[in-house]
Amino acid sequence: MDNRDAKRKRPITCLESGVTYDSAYRAAKELGFADSRNIFRSIQRGTCTQGLHFYYADEPKPAPEFFKPAKGKGGKSPAAIAAAAKAAAGNSAP
């Protein structure tokens with residue numbers, strides 16, 4: 001891995017579950033998201049991705065007003081999605 005790739009790989013934390021992932025790619029893979037680009041956009045904009053908010057774990061946590069409210073999609077509430085994220089993180093190998 002060259003220096004450029006090392007810069008790109010940053011730990012991220014899910015606001016709702018509190019789980020920290022090694023990278024957005026790893027979070028997307030473990031949470032079953034099709035693409036990690038949506039996670040990057042949500043970090044920049046404070047929006048949610050499939051009902052979850054993320055921020056970079058190596059920076060101070062943004063103020064609560066930075067995060068835009070989650071809108072339930074597919075009949076799942078943000079709380080249900082967060083519970084599923086916690087369960088998935090607990091079942092995965094580090």
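Not measured: the values here are computed from a predicted model.
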Legend entry - Criterion side-chain contact (heavy atoms from CB on, under 4.5 Å) on F40 and D35, from CA distance to verdict: CA-CA 10 Å; F40 287 115; D35 195 348; over 6 Å; no
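- Listed by chain and number, the residues in a side chain to side chain donor-acceptor pair (under 3.5 Å) with S36 amount to none (sequence neighbours excluded).
- Note that CD1 of I39 is 4.5 Å distant from CD1 of I12, once rounded to the nearest 0.5 Å.
- Partners of T20 according to the side chain to side chain donor-acceptor pair (under 3.5 Å) rule, which considers only residues two or more places apart in sequence or in another chain, are T13.
- Side-chain contact check for T47 versus F54: every heavy-atom pair is 4.5 Å or farther apart.
- In this structure, the separation between SG on C14 and CD on E30 is 11.5 Å, given to the nearest 0.5 Å.
- Annotation: side chain to side chain donor-acceptor pair (under 3.5 Å) contacts of R41 (sequence neighbours excluded): N38.
- Going from atom CZ of R45 over to atom CZ of F67 covers 15.0 Å, rounded to the nearest 0.5 Å.
- At most 12 non-hydrogen atoms from other residues, nucleotides or ligands lie less than 6.0 angstrom from OH of Y25.
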Inset, instruction - Apply the test side-chain contact (heavy atoms from CB on, under 4.5 Å) to residues D22 and K9: give CA-CA distance (whole Å), side-chain angles for both, the deciding distance (0.1 Å), then the verdict. - result: CA-CA 7 Å; D22 293 336; K9 186 177 178 183; 4.0 Å; yes
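- For the atom pair OH (Y21) and OG (S23), the distance works out to 11.0 Å, reported to the nearest 0.5 Å.
- Note on L15: it does not cluster hydrophobically with V19, by side-chain heavy-atom contacts below 4.5 Å among ILVMFWY residues.
- Rounding to the nearest 0.5 Å gives a distance of 12.0 Å between NE2 of H53 and CD1 of I43.
- R10 forms a cation-pi arrangement with Y56, by the criterion of a distance under 6.0 Å to the ring centre and an angle within 45° of the ring axis.
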